[in-house]
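So the structure is just underneath, and the comments pick up after that.
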Amino acid sequence: MDIDDVRDDLSQVLYSREQIDERIRQIAAEVDRDYEGKDLLLVGVLNGAIMVMSDLSRALRSHCEMEWMAISSYGAGTASSGVVRILKDLSVDLVGRHVLIVEDIVDTGLTLAYLVENLRARGPASVEIMTAFRKPEAIKNKITVKYVGFDIPNQFVVGYGLDYAGKYRNMTGLGILDPKVYLQE
Ligand code: 5GP
């Protein structure tokens with residue numbers, strides 16, 4: 001699905017497919033350089049990270065393994081609590097591995113802070129974070145993200161793996177969802 005297919009649902013288009021593609025390629029080049037000669041394991045967080053994982057891994061010039069985790073925040077609130085439950089865990093041992101967590105978006109970073117701590121306890125050689133998008137809260141909370149695609153405004157965005165009620169995940173670019181879409185429900 002392209003941005004134009006749902007243009008009326010967006011209050012603003014932030015990034016086109018091409019802009020995202022170009023930025024992910026730049027990051028892949030950095031990752032290639034930084035992890036040269038190292039055994040890289042990409043850990044994607046389901047479901048949002050599917051697009052960025054797919055693009056980043058294919059833009060790399062070197063080998064990488066890919067693993068997935070599924071986590072959910074406790075509680076029904078919309079605000080992130082930082083207390084998370086692992087719904088699907090990794091199927092590999094992390095001892096001595098160089099782990100790069102691949103995320104769609106970092107908002108408060110609370111979910112990620114838990115994940116990093118959890119993975120660090122498993123004895124990896126290193127744990128770093130790559131995210132396609134980052135909101136201002138993450139910067140305020142001083143979450144250390146090694147690779148950031150784009151810093152975006154504090155608005156609810158959809159596309160490139162990010163959904164609203166299960167929809168827009170397959171939209172190619174990134175846009176701000178017009179409040180009329182969720183206020184009319
Ligand atoms: P955090 O723990 O960093 O506050 O929460 C991060 C998670 O919240 C993301 O993985 C994503 O699932 C969700 N999230 C945060 N901001 C947005 C947004 O603007 N759009 C969508 N679709 N999900 C978001």
Side-chain angles (χ1 to χ4, degrees), residues 1 3 5-7 9-17 19-20 23-24 27 42-56 66-90 99-120 127-185:
M1 175 187 277
I3 286 175
D5 296 320
V6 283
R7 185 65 189 84
D9 294 351
L10 307 173
S11 57
Q12 197 186 328
V13 173
L14 291 179
Y15 298 105
S16 68
R17 177 182 205 155
Q19 285 171 312
I20 295 174
R23 184 72 189 108
I24 299 296
I27 292 176
L42 301 180
V43 172
V45 185
L46 294 169
N47 295 316
I50 47 171
M51 305 300 175
V52 56
M53 177 71 123
S54 168
D55 286 347
L56 178 74
M66 280 176 266
E67 279 280 325
W68 298 93
M69 284 185 87
I71 53 184
S72 91
S73 296
Y74 277 115
T78 47
S80 186
S81 64
V83 183
V84 303
R85 192 155 51 108
I86 295 178
L87 303 177
K88 183 210 173 300
D89 207 342
L90 303 174
V99 176
L100 181 58
I101 299 173
V102 178
E103 265 281 23
D104 47 359
I105 191 164
V106 186
D107 183 2
T108 63
L110 287 170
T111 316
L112 213 45
Y114 169 87
L115 194 60
V116 169
E117 197 184 319
N118 183 289
L119 298 186
R120 285 224 167 104
V127 179
E128 300 289 353
I129 300 164
M130 181 270 167
T131 186
F133 309 107
R134 180 172 67 175
K135 286 188 173 177
E137 282 293 309
I139 306 169
K140 236 172 38 189
N141 292 344
K142 298 194 172 61
I143 300 295
T144 310
V145 182
K146 190 164 186 187
Y147 309 97
V148 179
F150 300 95
D151 278 308
I152 63 166
N154 200 14
Q155 304 270 0
F156 191 81
V157 293
V158 292
Y160 200 61
L162 289 156
D163 75 312
Y164 168 66
K167 292 185 199 157
Y168 307 97
R169 220 188 267 291
N170 60 331
M171 189 184 92
T172 53
L174 188 83
I176 297 173
L177 190 64
D178 194 313
K180 74 173 185 235
V181 175
Y182 43 91
L183 293 179
Q184 76 195 4
E185 285 182 0

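Because the structure is a prediction, the values reported are computed rather than measured. Along the sequence shown, residues are numbered consecutively beginning with 1. Each ligand, and each atom within it, is numbered from 1 in the order the structure gives.
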inquiry  = Among residues at least two apart in sequence or on other chains, which ones pass side chain to side chain contact (heavy atoms under 4.5 Å, CB included) with N118?
reply    = I86, Y114, R122
Non-neighbouring partners of S16 that pass side chain to side chain contact (heavy atoms under 4.5 Å, CB included), sequence neighbours left out =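 Once residues adjacent in sequence are excluded, the partners of S16 under the side chain to side chain contact (heavy atoms under 4.5 Å, CB included) criterion are E18, Q19.
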task = Would you kindly specify which portion of D104 sits under 4.0 Å from ligand 1, judged on non-hydrogen atoms: side chain, backbone, both or neither?
result = side chain
key: Side chain, backbone, both or neither: K135 near ligand 1, heavy atoms under 4.0 Å   =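 Side chain only; the backbone of K135 stays clear of ligand 1.
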Donor-acceptor side-chain pairing of D9 and Y164 below 3.5 angstrom =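 No.
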key: F156 vs V181 side-chain heavy atoms within contact, under 4.5 Å   =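 No, every pair of side-chain atoms sits at 4.5 Å or beyond.
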Under 4.0 Å from a heavy atom of [X]: give me the atoms of ligand 1 that qualify, with their elements.
{"X": "T111", "value": "1 (P), 2 (O), 5 (O)"}
{"X": "Q155", "value": "19 (O)"}
{"X": "G109", "value": "1 (P), 2 (O), 3 (O), 4 (O)"}

Going by heavy atoms, is [X] under 4.0 Å from ligand 1?
{"X": "V158", "value": "no"}
{"X": "E137", "value": "no"}
{"X": "L112", "value": "no"}
{"X": "G48", "value": "no"}

Any donor-acceptor pair under 3.5 Å from [X] side chain to [Y] backbone:
{"X": "R169", "Y": "M51", "value": "no"}
{"X": "K135", "Y": "Q155", "value": "yes"}
{"X": "R17", "Y": "I20", "value": "no"}

message = Heavy atom to atom 11 (C) of ligand 1, shortest distance: which of I176, I105, L46 holds it?
response =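 Result: the heavy atom closest to atom 11 (C) of ligand 1 is in I105.
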key: Geometric N/O contact Y164 with ligand 1, under 3.5 angstrom   = no
key: Polar proximity ligand 1 side, F156 side, N/O cut 3.5 Å exclusive   =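 In this structure, F156 places no N or O atom under 3.5 Å from an N or O of ligand 1.
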query = Using 4.0 Å as the upper bound for N to carboxylate O, is an ion pair formed by R120 and E117?
reply = no
